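Notes follow the structure.
Below, chain A is the first sequence line, B the second, and so on; all start at residue 1. These figures come from a predicted structure and were not determined experimentally. Both backbone and side-chain heavy atoms feed into the values below; hydrogens, waters and symmetry mates do not.
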Amino acid sequence: MEIPKTYDPSATEDKWYGYWMKNNFFKSVPDHREPYTIVIPPPNVTGVLHMGHMLNNTIQDVLIRRARMLGKNACWVPGTDHASIATEARVVAMLREKGIEKKDLSREDFLKHAWEWKEKYGGIILEQLKKLGASCDWDRTRFTMEDDLSDAVIEVFIDLYKKGHIYRGTRMVNWDPAGLTAVSDEEVIHKEIDSTLYYVRYQVEDTNDWVTIATTRPETILGDTAICVNPEDDRYKHLHGKNIIVPMVNRLVPIITDSYVTMEFGTGALKVTPAHDINDYQLGQKHKLATIDVLTPEGKMSAAAGFYLGEDRFVVRKKIAKDLELTGNLVKTEPYKSNVGFSERTNAVIEPRLSMQWFLKMEEISKPALENVMNDNIRLVPEKFKNTYRHWMENVHDWCISRQLWWGQQIPAWYDETGDFVVAKTESDARILFEAKGKIFTKESTISQDEDVLDTWFSSWLWPISVFDGFKDPNNADINYYYPTNDLVTAPEILFFWVARMIIAGYEYRGEKPFTNVYLTGIVRDKLGRKMSKSLGNSPDPLDLITKYGADGVRVGMLLSSPAGNDLPFDESLCEQGRNFANKIWNAFRLINGWKSLEDKEGVDNRDYTKITEWFKAKLESETANINDLYSKYRISEALMAIYKLIWDDFCSWYLEIVKPGIGMAMQEATYNTTITFFESLLKLLHPFMPFITEEIWQSIRERKSNESIMMETWPTTGPEESKILNNFSSAMELVTEIRNLRKTKNIPMREPLAVSLFTGKSDAIADFHSMIIKMCNLSGIEIISNKPDGQAPIMIRDHEYFIHIQGLINIEEEQKKITEEIIYTKSFLESVMKKLSNERFVSNANPEIVATENKKKSDAEARIKLLESQLEGLGKGH
RNA sequence: GGGAGCUUAGCUCAGCUGGUUCAGAGCAUCUGCCUUACAAGCAGAGGGUCACUGGUUCGAACCCAGUAGUUCCCACCA
């Protein structure tokens with residue numbers, strides 16, 4: 001059957017993925033082998049695959065496939081995250097399109113819609129991962145809001161509450177006016193934006209005296225309950241203790257003093273709005289100021305504002321400026337750059353807002369998590385993230401864990417009609433607890449559950465434990481076998497959101513780390529260096545890329561230039577390179593496959609390839625060792641590059657070209673079998689990166705049983721380093737390159753054979769490869785001579801002098817110039833070596849080994865100069 | 001404001017304990033080739049004052065200090 005000239009991924013990828021699934025190759029159950037476990041960073045259940053997922057999951061698949069081939073019991077647990085805010089926002093938007101408002105629905109009805117939405121779109125992303133080739137154990141797919149995982153969340157909440165780590169309180173929180181919920185500090189992204197600094201004057205009570213303040217948020221003037229100045233500020237000392245009139249609302253508020261105020265900034269006078277600024281809130285607490293909340297949860301002006309009722313805060317900001325100007329109270333404005341917090345999920349401008357929330361105290365429970373990263377019990381890759389991690393962990397804030405949403409685990413706190421509460425799993429448990437507190441239930445008594453749900457991360461921080469049912473059944477076979485997991489692959493953006501908290505939960509609930517290594521990927525960026533995102537529209541659809549370049553091509557493209565922790569400046573040409581590589585391998589397969597049959601062949605190529613196969617075996621083993629080493633350092637892209645070069649350069653450009661039989665000739669069976677074995681080893685080394693094409697070729701290259709697969713094969717072995725043969729071969733390569741270069745510069749076509757002679761008397765290390773050189777360069781032969789020929793082109797490889805017989809074509813002057821230049825270079829090199837060696841301080845201070853190599857350099861250089869000089873002499877003769 | 005990292009070829013990056021495996025790789029570029037596996041290819045070649053300035057050292061891309069640029073994290077002076 002004719003094999004197509006180009007590799008067609010679409011013809012193979014689904015076929016082999018189905019085959020792997022059918023044979024349960026991804027499945028893992030505990031057994032006697034060493035486990036190797038990865039839990040997936042669960043993507044948003046209703047999300048779709050983006051480039052970050054591609055990078056992330058490709059790396060995980062590479063690691064898991066290699067571990068499987070190393071004979072470990074590899075288990076990659078997939079799953080999805082319920083993503084409270086994001087999913088709820090999408091469901092709300094979907095309902096709104098249908099004309100349904102969330103507020104008109106009961107909690108139950110809303111959740112019904114949400115679950116329907118989840119059933120419809122949930123899991124799309126997991127199907128997309130299959131296209132990428134991800135070898136997850138799909139039977140283990142978990143979802144953070146399924147019953148068992150939700151139970152775990154609730155139990156953990158109750159447990160931490162009982163231990164005194166969880167408390168409820170009114171605090172200034174980050175309010176997301178679009179998501180209508182509090183978010184944690186980590187979910188706020190600060191960006192510098194251009195804004196305006198408004199200078200507004202306030203009249204001091206019963207005087208004609210005015211104080212001008214500077215603010216970026218004039219709309220909050222309506223909620224001012226004080227003006228604050230620095231007690232040391234002479235400009236304002238006469239006003240201490242006086243009252244001032246807030247413009248518009250004409251409210252009388254005190255002028256207070258506090259050293260918090262910077263005299264240099266603005267006018268040195270600060271308006272204090274305790275309801276809308278964290279610092280003002282603290283001032284308010286300290287000075288017992290009133291709190292006037294002028295905004296609604298949606299970020300519109302509330303009744304308390306007294307003006308602009310129901311209008312958006314940003315609209316009002318402009319309006320109030322105008323109105324202040326009309327009354328002459330706006331002194332001036334100036335452009336100003338300020339840092340504004342945005343919601344990580346909805347991108348709305350965060351509003352500091354006072355509200356009652358649940359918090360988890362972090363200080364105590366985070367201690368083991370800090371310690372075990374610092375002492376490398378848990379290794380962060382790259383290591384530089386240790387610094388960031390430590391900094392965060394040493395300054396960790398309490399975690400606001402309640403969210404004013406419905407999609408998520410409802411907080412297991414129960415309130416009676418007086419507002420008293422208990423924490424319990426069920427209503428009946430709650431009643432018992434209330435009774436224990438002395439409460440007597442009457443017919444009128446009602447108790448109700450807290451309306452809020454828990455932060456999504458409060459479920460995903462349990463992920464490495466909960467996916468193995470480590471809460472439901474803490475001593476089950478799975479958790480005992482798979483936990484702690486081995487590698488976690490994720491983005492540095494969620495180092496605190498998720499990684500740190502998983503570590504905390506691991507030590508709190510298993511007394512042990514959740515994973516040993518954390519591989520932090522970079523951010524996928526576009527050519528302009530911008531982060532790829534849906535809102536910017538600069539992200540290619542990964543599935544389109546897979547269609548265009550094949551999953552293998554895209555995988556290689558993603559990994560070619562993304563060392564751990566480095567951002568990946570993505571360019572489609574990387575995928576093209578991946579696709580081209582696939583095609584290269586495909587054609588190597590076509591070539592080798594053509595050697596299988598002896599039919600129509602005129603005879604057998606009887607040349608001896610023993611040395612060549614010895615060389616390639618040595619090369620293969622040494623590169624395997626190198627690749628293993630790179631893996632152990634998580635230098636994944638370098639490991640890929642090593643295989644890339646091994647296949648493209650060493651195998652295709654050298655080995656295959658060398659053993660290729662002449663036209664019409666058949667290959668010796670032994671050579672063929674060795675070649676196939678080499679090819680199989682290469683395919684195995686490549687398999688973690690390019691699972692589909694390697695399977696396709698591996699299946700075709702030899703007869704296979706119906707349940708065999710390259711993914712279940714064992715990883716190639718290494719042998720002792722054969723540096724001698726490797727060095728000799730690279731010297732031979734050098735000679736080949738020199739001769740090719742000579743052909744090119746002298747315009748001697750390949751079909752015209754060249755004669756070469758080797759001046760004897762030296763070691764014959766390269767001679768092992770003479771037949772290879774003859775073949776690769778189309779030489780008539782290499783003659784060993786004892787007298788140097790005249791007027792031939794000399795090539796010196798190490799201490800071997802070769803002469804290329806191109807008498808008529810040689811330009812003596814040019815050659816002389818070349819050699820002279822080399823002599824000058826070598827002499828100056830020798831000079832620098834001599835300088836070192838004659839330096840007494842060098843000889844006495846430097847390591848003896850270094851001195852020895854310098855001595856060797858010296859003798860080598862001297863010998864080389866001698867040779868070059870004799871060549872120069874030989875050139876002149878005969879002309 | 002505090003902290004951390006980075007700066008090596010046109011691009012993306014290696015370069016470990018200072019010393020010829022020290023200036024490298026892939027891509028891109030240039031030149032010549034449709035050589036019967038592959039033009040998604042083959043062969044060859046050219047690209048770098050290792051950000052800058054000083055210092056330490058017999059010797060610095062590498063160690064130290066400073067400067068500039070850049071990225072990230074934390075904190076949020078309105």
Side-chain angles (χ1 to χ4, degrees), chain A residues 3 5-7 185 190 197-198 213-217 220 228 260-262 264-267 269-273 277-280 336 338-341 382 384-392 394-395 492-493 495-496 523 527 529 549 553 560-563 565-569 571 573-574 576-577 579-595 633 635 637-638 640-642 644-645 648 652-653 656-657 660 663-664 737 740-745 747 749-751 778 829 832-833 835-836 839-847 849-851 853-854 856-857 860-861:
Chain A
I3 304 171
K5 261 172 95 164
T6 48
Y7 171 63
D185 292 344
H190 291 274
L197 198 54
Y198 299 86
I213 58 89
T215 178
T216 53
R217 301 202 56 192
T220 63
C228 190
Y260 161 76
V261 178
T262 317
E264 291 73 33
F265 187 89
T267 60
L270 170 72
K271 71 187 221 33
V272 185
T273 323
D277 183 278
I278 179 73
N279 297 301
D280 290 14
Y336 182 68
S338 69
N339 259 338
V340 176
K384 65 178 176 184
F385 286 107
K386 261 170 91 172
N387 281 327
T388 333
Y389 182 87
R390 186 185 62 225
H391 190 255
W392 192 77
E394 284 174 349
N395 299 288
E493 301 164 286
L495 185 59
F496 309 128
I523 294 165
K527 281 186 217 170
Y549 301 103
L560 267 173
S561 75
S562 68
N566 271 37
D567 285 359
L568 167 64
D571 190 325
S573 66
L574 289 166
E576 207 175 301
Q577 196 184 344
R579 180 202 60 183
N580 293 355
F581 183 42
N583 201 48
K584 183 72 190 174
I585 301 157
W586 183 250
N587 277 287
F589 162 61
R590 286 180 65 213
L591 177 67
I592 295 169
N593 195 62
W595 298 337
K633 293 171 180 154
R635 293 169 166 239
S637 49
E638 285 181 53
L640 170 60
M641 188 45 73
Y644 181 94
K645 286 195 278 190
W648 200 309
C652 292
S653 296
L656 290 181
E657 290 297 336
K660 189 195 260 181
I663 296 166
T737 302
R740 281 171 175 168
N741 192 10
L742 197 74
R743 276 188 184 276
K744 169 138 180 159
T745 52
N747 259 320
M750 188 63 183
R751 57 181 122 62
N778 189 22
F829 170 69
S832 77
V833 174
K835 206 171 130 195
K836 270 189 207 176
N839 185 329
E840 207 176 300
R841 282 193 288 180
F842 170 74
V843 180
S844 53
N845 291 340
N847 195 318
E849 288 161 35
I850 302 285
V851 179
T853 62
E854 289 301 316
K856 173 121 190 356
K857 279 188 228 164
D860 285 354

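- Between B/rC64 and B/rU31, the distance separating the two C1' atoms is 47 Å to the nearest Å.
- One N or O on the side chain of A/Asn778 and one on the backbone of A/Met750 form a donor-acceptor pair closer than 3.5 Å.
- Comparing B/rC74, B/rG5, B/rA78 by their closest approach to the side chain of A/His391 singles out B/rC74.
- Regarding A/Ile213, its CD1 atom lies at a distance of 13 Å from the P atom of B/rA78, rounded to whole Å.
- Phosphate contact (OP1/OP2 of B/rA40, side-chain N/O of A/Tyr7, threshold under 4.0 Å): absent.
- As judged by a 4.0 angstrom heavy-atom cut-off over every strand, A/Tyr198 is placed among residues making no nucleic acid contact.
- Base orientation at B/rG10 is anti, since its O4'-C1' glycosidic dihedral falls outside 90° of 0.
- Rounded to whole Å, the separation between the P atoms of B/rC38 and B/rU17 comes to 47 Å.
- Side-chain rings of A/Tyr389 and A/Trp392 stay apart, their centers remaining 6.0 Å or farther from each other.
- For the P atom pair drawn from B/rC11 and B/rU29, the interatomic distance equals 14 Å after rounding to whole Å.
- B/rA4 is paired with B/rU71 under the criterion used here, namely a Watson-Crick or G-U wobble arrangement in which both key atom distances are under 3.5 Å.
- If you check every strand for non-hydrogen atoms under 4.0 Å, A/Asn279 touches sugar and phosphate atoms only.
- Distance alone, capped at 3.5 Å, places no donor-acceptor pair between the A/Asn741 side chain and the A/Thr737 backbone.
- If you check every strand for non-hydrogen atoms under 4.0 Å, A/Thr745 touches nothing.
- Residues A/Leu574 and A/Leu568 approach most closely at CD1-CD1, 4.4 Å, considering heavy atoms.
- Annotation: B/rG69 and B/rG59 have their P atoms spaced 32 Å apart (nearest Å).
- Of the candidates B/rG41, B/rC74, B/rA43, B/rC74 carries the atom nearest the A/Trp392 side chain, counting heavy atoms from C-beta on.
- Within 4.0 Å of A/Arg635, counting heavy atoms only, lie sugar-phosphate atoms of the nucleic acid but no base atom.
- For A/Phe581, the ring-ring contact (aromatic ring centres under 6.0 Å, His included) partners at least two apart in sequence or on another chain are A/Tyr644.
- The partner of B/rC62, taking Watson-Crick or G-U wobble pairs whose two distances both stay under 3.5 Å, does not exist in any strand shown.
- Within 4.0 Å of A/Cys652, counting heavy atoms only, lies at least one base atom of the nucleic acid.
- In this structure, A/Arg390 places its CZ atom 21 Å from P of B/rC72, rounding to the nearest Å.
- Distance from the side chain of A/Lys744 is smallest to B/rU31 among B/rU31, B/rC38, B/rC74.
- Rounded to whole Å, atom C1' of B/rG26 lies 13 Å from atom CG of A/Asn580.
- Contact annotation: A/Trp648 reaches the phosphate of B/rC42 (side-chain N/O to OP1 or OP2, under 4.0 Å).
- Pairing each heavy atom of A/Thr215 with each of A/Ile213, the nearest pair is CG2-CD1, 3.9 Å.
- Here the shortest heavy-atom pairing between A/Asp280 and A/Lys271 reads OD2-O, 3.3 Å.
- Taking atom C1' on both nucleotides, B/rU56 is separated from B/rG10 by 36 Å, rounded to a whole Å.
- Nucleic acid contact class of A/Asn395 (heavy atoms, under 4.0 Å, all strands): none.
- In this model, the phosphate group of B/rC27 is not approached by any side-chain N or O of A/Ser573 to a distance below 4.0 Å at OP1 or OP2.
- If A/Ser338 and A/Lys645 are placed on RNA chain B by their nearest nucleotide, the residue sitting closer to the 5' end is A/Lys645.
- Rounded to whole Å, the C1' atom of B/rU70 lies 24 Å from the corresponding atom of B/rG24.
- At the heavy-atom level, A/Glu657 lies under 4.0 Å from base atoms of the strands shown.
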Does the side chain to side chain donor-acceptor pair (under 3.5 Å) test come out yes or no for A/Arg590 and A/Asn593, once each step is laid out? CA-CA 5 Å; A/Arg590 286 180 65 213; A/Asn593 195 62; over 6 Å; no

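- For B/rA43, the paired nucleotide is B/rU31, the pair qualifying as Watson-Crick or G-U wobble because both relevant distances are below 3.5 Å.
- One interatomic measurement links the two molecules: CD of A/Glu638 to P of B/rG24, which rounds to 17 Å at whole-angstrom precision.
- For B/rA45, one of the phosphate oxygens OP1 or OP2 lies less than 4.0 angstrom from a side-chain nitrogen or oxygen of A/Asn741.
- B/rC38 atom C1' lies 12 Å from atom CZ of A/Arg579, rounded to whole Å.
- Using atom C1' as the reference point in both B/rU35 and B/rG19, the two lie 45 Å apart (nearest Å).
- Pairing of B/rA14, defined by two Watson-Crick or G-U wobble distances under 3.5 Å, is not identified with any nucleotide.
- Interface remark: the A/Gln577 side chain does not form any donor-acceptor pair with the B/rA28 base, using a distance-only criterion of under 3.5 Å.
- In terms of polar N and O atoms assigned as donor or acceptor, the side chain of A/Lys584 comes within less than 3.5 Å of the base of B/rC38 in a complementary pairing.
- Dashed line: the shortest gap from a side-chain N or O of A/Lys5 to OP1 or OP2 of B/rA39 is under 4.0 Å.
- The base of B/rA43 lies outside donor-acceptor range of the side chain of A/Arg740, with no N or O pair under 3.5 Å.
- With both ends at atom P, the span from B/rC6 to B/rC42 equals 37 Å, rounded to whole Å.
- Counting non-hydrogen atoms under 4.0 angstrom, A/Met641 reaches the backbone sugars and phosphates but no base.
- In this structure, A/Tyr644 reaches the sugar-phosphate backbone alone: every heavy-atom distance under 4.0 Å involves primed, P, OP1 or OP2 atoms, never a base.
- Among the atoms of the strands shown, base atoms are found under 4.0 Å from some heavy atom of A/Asn339.
- Atom CG of A/Asp185 and atom C1' of B/rA75 are 11 Å apart (whole Å).
- Using a 4.0 Å heavy-atom distance criterion, A/Lys271 is classed as making no nucleic acid contact.
- Side-chain atoms of A/Thr262 and base atoms of B/rC77 include a donor and an acceptor less than 3.5 Å apart.
- In this model, a side-chain donor or acceptor of A/His190 finds a partner on the base of B/rC76 within 3.5 Å.
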